[in-house]
Protein chains: 2
Amino acid sequence: MSDAEPSTWQAVRDAVLARIHAREWPPGAPIPNEADLAAELGCARATVNRALRALAEEGLIERRRRAGSRVAAHPVRKATFAIPVIRREIEARGATYSHLLLAMARDRAPTAVRARLGLSEDTRMLHVETLHLADGRAHAHEDRWVNLAAVPEIARADLSAISANEWLVANVPFTRGDFTFAAENAGPTLARNLDCTEGAALLVLERTTWNVALPITWMRLSHAPGYRMHTEI
Amino acid sequence: MSDAEPSTWQAVRDAVLARIHAREWPPGAPIPNEADLAAELGCARATVNRALRALAEEGLIERRRRAGSRVAAHPVRKATFAIPVIRREIEARGATYSHLLLAMARDRAPTAVRARLGLSEDTRMLHVETLHLADGRAHAHEDRWVNLAAVPEIARADLSAISANEWLVANVPFTRGDFTFAAENAGPTLARNLDCTEGAALLVLERTTWNVALPITWMRLSHAPGYRMHTEI
DNA sequence: CAGTGGTCTAGACCACAAG
DNA sequence: TTGTGGTCTAGACCACTGG
């Protein structure tokens, strides 16, 4: 039959993958149970389990107790984006990073921001505006509101030396985040900051961050025109 | 000390997570080795391994043989986007899906597309233009080139009944994909197709797909203005 | 109720890279 | 060289859920 005893979970994964790709097990079809597969491939059930779990995490098969495993009918492949510190993202491209602290003040957050964070009207917040530069040219504009009740220490940080982005990543743990990608036309202020024409299409990333149930910060990152976010499967 | 015997890998994961969040093990700090942790928490090393592997996959810790595990200095959290069949994405929002086959013809692909796929100039390709609709309103415009040498059967498919997107997902296995997100201003043609103003900012997704080394298809999906892609960590 | 995946264990060997 | 993670095994029990 197949090759001699795989016995490593990667080999089991590849064997299953091969049958899926060969349409021996077409989309929607059931896969033999772990015990049978283990017997057939000559390895322990735990090894098969490890392989099938990996495939399930990739979205290629679906597993349910008692119901067994089947090939995903609609292979929802998952693309994963790394959300790094902006400085490191820029330096990874071989460019030089710098940033400008455009504004920083305690203020009352706009209703939309408070709603996102689930905060009441009178919560004290810190508003920080930062321009991130790559090789001296505008890379992205960051508009951020920080919940001072959750992170009072940031008021004493020198955000012109370390960007708010990096300070928060290094100093404040978070457990949950919420991301939204959108495309927006540059308004007059953003156009000036990003040194681009008004109306240019910008890739905008909005992020809300919590530590368990405690809202930490809301951020909107507007990238300069031409920015492309890339990933592979 | 800590709570009584976790003994489940999620409990081990949470215990480690708690110490990381409490800065007991700050970013960059080493974590005890698996054997020690297992002894301390009163469980098998395999259980600790399972927990630490999960944390490593999330990007919260870094593991290296012989060097041990340490808390990630720059927690590169990973946001994963599901890339579903467009019809299902729309139906999941409770809207009704439909699509229009705008154009379909054998043609020579533009240089840029051929370059992306690594194909020679005289490769026969199928060009398909599709408009995806949600509740009858334009959702996204799909511009697609399919490598006929890899997928000859698609020439006989009725792409007005099943979108090329869905037909390919159901009928052609792929092993590797390449994604790019960008923001672009709508040109006159796209503006007409998407029923929006010229210059509107569009979220554009480009995707190239291979089966092992065989190029399958290149696609550009331009979403109507206002579309937001969302994910959580 | 019973079959399937989910997990834990104890022990073992291996591969890799830091010192 | 040697400590650390990576993995496999055989056996066991549990949790969930479909019939």
Side-chain angles (χ1 to χ4, degrees), chain A residues 2-20 25 27-73 75-76 78, chain B residues 2-20 25 27-73 75-76 78:
Chain A
S2 37
D3 321 45
E5 312 305 274
S7 112
T8 144
W9 72 266
Q10 291 93 338
V12 174
R13 187 229 313 134
D14 292 346
V16 172
L17 219 39
R19 298 187 192 186
I20 292 177
W25 297 333
I31 289 177
N33 70 41
E34 297 186 348
D36 289 352
L37 264 181
E40 181 193 342
L41 297 175
C43 65
R45 182 168 80 93
T47 307
V48 173
N49 181 285
R50 177 81 168 85
L52 295 188
R53 178 159 31 92
L55 289 174
E57 281 170 3
E58 286 179 42
L60 283 166
I61 70 175
E62 293 164 356
R63 321 192 71 197
R64 269 152 62 204
R65 281 177 160 131
R66 164 79 197 195
S69 305
R70 35 184 69 250
V71 180
V76 179
K78 287 159 190 159
Chain B
S2 36
D3 321 47
E5 312 303 275
S7 113
T8 144
W9 73 265
Q10 291 93 338
V12 174
R13 188 233 305 135
D14 292 346
V16 172
L17 218 38
R19 299 189 191 186
I20 292 177
W25 296 332
I31 288 177
N33 70 41
E34 297 186 349
D36 290 351
L37 264 180
E40 181 193 342
L41 297 176
C43 64
R45 183 169 78 95
T47 305
V48 173
N49 181 285
R50 177 83 168 82
L52 295 187
R53 177 159 31 91
L55 289 174
E57 281 170 2
E58 286 179 43
L60 282 166
I61 69 175
E62 293 165 355
R63 321 192 70 197
R64 269 151 64 206
R65 281 175 155 131
R66 166 76 200 198
S69 306
R70 35 184 68 249
V71 180
V76 178
K78 286 159 190 160

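Each chain gets a letter, A, B and so on, in the order the sequences are listed, and its residues count up from 1. FYI, side chains are in, hydrogens and waters are out, and symmetry mates aren't considered; it's all heavy atoms of this structure.
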Looking at residues at least two apart in the chain, or sitting in another chain, which of them share a side-chain contact (heavy atoms from CB on, under 4.5 Å) with B:A29?
-> B:P26
Applying side-chain contact (heavy atoms from CB on, under 4.5 Å), run through B:T47 and B:L41 and close with a yes or a no.
-> CA-CA 10 Å; B:T47 305; B:L41 297 176; over 6 Å; no
Rounding to a whole Å, what distance do you find between B:Q10:CD and D:dC14:P?
-> 17 Å
Atom pairs under 3.5 Å, N or O on each side, protein against nucleotides 17-19 of chain D: can you list them with distances?
unit_1 : atom_1 : unit_2 : atom_2 : d
D:dG18 : OP1    : A:R64  : NH2    : 3.3

Residues two or more places apart in sequence or in another chain: which of them pass salt bridge (charged side-chain N to carboxylate O under 4.0 Å, His left out) with B:R45?
-> B:E34
Chain B reaches DNA chain C, atoms under 4.0 Å from its heavy atoms, from C:dT7 to C:dA18
For B:P27 and B:A73, work out which heavy atoms get closest and say how close.
-> CB-O, 3.9 Å
When you measure from every atom of DNA chain D, which of residues 45-53 of chain A have a heavy atom less than 4.0 Å away?
-> A:R45, A:A46, A:T47, A:R50
Touch class at under 4.0 angstrom, heavy-atom based, for B:E62 against every strand present = nothing
Search all heavy atoms of B:A72 against all heavy atoms of B:G59 and return the closest pair with its distance.
-> CB-O, 3.6 Å
Check against side-chain contact (heavy atoms from CB on, under 4.5 Å), B:R63 and B:N49 | CA-CA 11 Å; B:R63 321 192 70 197; B:N49 181 285; 4.1 Å; yes
Got a salt bridge between B:E40 and B:R19, using NZ or NE/NH1/NH2 to carboxylate O under 4.0 Å?
-> yes
Are any side-chain N or O atoms of A:R70 and backbone N or O atoms of A:G28, one a donor and one an acceptor, separated by less than 3.5 Å?
-> yes
Shortest non-hydrogen separation from A:L52 to A:S69 and the atoms involved = CD1-OG, 4.3 Å
Identify, residue by residue, the members of residues 30-37 of chain A with a heavy atom below 4.0 Å from DNA chain C, and return them in order of residue number, or none.
-> A:N33, A:E34
Nearest heavy-atom neighbours spanning B:W9 and B:A54 = CZ3-CB, 3.8 Å
Member of B:V71, B:I31, B:L17 meeting the side-chain contact (heavy atoms from CB on, under 4.5 Å) criterion with B:L55 = B:L17
Side-chain touch B:V16/B:V48, heavy atoms, less than 4.5 angstrom = no
So CZ of B:R13 and CG of B:L60: to nearest 0.5 Å the spacing works out to 10.5 Å
